[in-house]
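Dropping a structure here in structure tokens format, bear with me for questions.
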Amino acid sequence: MMKGLYLHIPFCEHKCIYCDFYSIEQSDSFDRFVRTITREINLTSGKIEDDPVFTSIFFGGGTPSLLSPVQIRKIMDALHRNFVVAPDAEVTVETNPGTVDDEKLRAYKAIGVNRLSIGVQSFSTGDLTFLTRIHSVEDAERCYYNAREAAYDNINIDLMFSLPTHTKNRWINNLNRIIELEPDHISAYSLTYEKGTPLYQKLKNKEVTPLEEDLDAELYGITLDMLDNAGYEQYEISNYARSGKQCLHNRTYWESCEYLGFGPSAHSFYKGRRYWNINNLQKYNRKVRAGLLPVAGEEMLTELQRAEEEIFLGLRKTGIDLKKMKNSYNLDILKIKTKEISSFSERGFVVIDNDYLRLTKQGKAYADMIASELM
Ligand code: SF4
């Protein structure tokens with residue numbers, strides 16, 4: 001059974017216009033933060049009664065690649081001191097190309113980082129300017145080549161589509177470039193307009209116009225075809241991997257396995273309890289330094305919530321397991337949602353295949369809408 005450890009590093013050099021992850025613009029006091037998160041790791045391990053074996057460590061954020069290799073190593077040492085980590089655990093650092101050079105990437109590798117997730121987002125200068133990224137296309141490509149030179153054999157590249165600046169050709173150019181680079185894993189997400197972000201404000205002020213839904217679906221369909229032809233298997237609605245290179249850590253979330261999160265705003269799921277940390281660095285610091293866990297809220301998942309998660313996550317992967325829904329939750333989805341399922345089926349969005357309700361290629365572009373109708 002997979003189990004994950006997640007570290008949320010809440011610093012960014014600059015806040016990107018679309019981002020709603022918790023992070024603050026800061027480039028110092030990292031040592032202090034490392035001491036605090038290390039303390040949180042110690043405090044948490046005292047509350048874990050059994051001795052689970054963790055199969056992945058994921059440094060996310062924020063921009064974890066702002067931390068020096070020594071700082072990352074201190075956090076990893078604290079994890080190893082407090083938990084059992086599998087010898088072949090996947091260890092990922094999310095990397096902003098504007099924050100690393102080849103020396104740093106080599107040093108990360110030397111301390112046990114074996115997977116990089118590079119936030120490229122686009123191979124077009126216009127797109128990067130629109131997204132207010134701190135790096136150029138050249139920085140992103142240099143980062144990727146440096147990582148290969150440093151012998152990383154498990155690299156993800158993040159891309160974003162359906163920007164207001166996107167035409168079909170611009171997105172196809174992006175896909176052609178990523179296919180040329182041959183990363184082991186690709187995450188490609190459609191741009192979303194999250195409340196509270198400057199991008200959302202621009203939308204409200206009518207300064208940006210989102211792409212038409214049909215074009216968004218078309219770009220998504222092009223992504224599926226081009227990446228499939230290039231030998232990438234789609235194993236989650238927005239994630240594609242070469243053989244053997246699926247992201248273990250993300251699968252921990254998608255397969256409802258347990259994980260512990262550290263750092264402000266980090267989420268955990270353990271023994272059926274879901275809980276999340278304070279999303280404010282100062283308050284987080286105060287709690288942990290007082291010897292308290294910085295938990296902001298928690299819930300025990302009810303049976304209905306677990307069933308809803310199965311539907312949501314199932315649709316994003318290989319389909320809803322209809323037999324399991326009946327046996328584990330006493331829910332006959334085909335009966336309860338007859339009208340909705342017939343309508344989706346007539347529109348070519350879903351099929352029933354071997355006791356699974358699966359999305360078709362067209363349906364995948366509307367996965368969230370279909371999930372919410374079925375939940
Ligand atoms: S670098 Fe990443 S975490 Fe930081 S603001 Fe940009 S998208 Fe958000």
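Counting begins at 1 with the first residue of the sequence. Ligands are counted one by one from 1 in listed order, and the atoms in each one are counted from 1 as well.
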Worksheet item: Taking only protein atoms, how many N, O or S atoms are found under 2.8 Å from atom 6 (Fe) of ligand 1?
Response: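 Every protein N, O or S atom under 2.8 Å from atom 6 (Fe) of ligand 1 counted, the figure is 1.
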Discussion item. Would you call the rings of Tyr259 and Tyr253 parallel, tilted or perpendicular, taking 30° and 60° as the class edges?
Written reply: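 Taking Tyr253 first and then Tyr259, their aromatic rings stand perpendicular (interplane angle over 60°).
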Discussion item. Quiz question: by atom type and distance under 3.5 Å, do the side chains of Asn96 and Glu13 form a donor-acceptor pair?
Written reply: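 Side-chain D/A pair, Asn96 to Glu13: absent.
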Residues 364-375 side chain polar contacts: donor-acceptor under 3.5 Å, at least two apart:
unit_1	atom_1	unit_2	atom_2	d
Lys364	NZ	Gln234	OE1	2.7
Asp368	OD1	Arg316	NH1	3.3
Ser372	OG	Met369	O	3.1

Item to complete: Taking the six-membered ring of Tyr329 (Phe, Tyr or Trp), confirm whether the NZ or CZ of Lys324 is under 6.0 Å from its centre and within 45° of its axis.
Response: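 Lys324 over Tyr329 ring: no.
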Worksheet item: Is the Phe33 ring parallel, tilted or perpendicular to the Tyr284 ring (thresholds 30°, 60°)?
Response: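 Phe33 and Tyr284: tilted rings.
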Discussion item. Under a 4.0 angstrom heavy-atom cut-off, which atoms of ligand 1 come close to Gly62?
Written reply: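 It comes down to these atoms of ligand 1: 3 (S).
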Worksheet entry | Cation-pi geometry met for Arg242 and Tyr232 (6.0 Å, 45°) |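 Relative to the ring axis of Tyr232, which defines the angle, Arg242 lies inside both limits.
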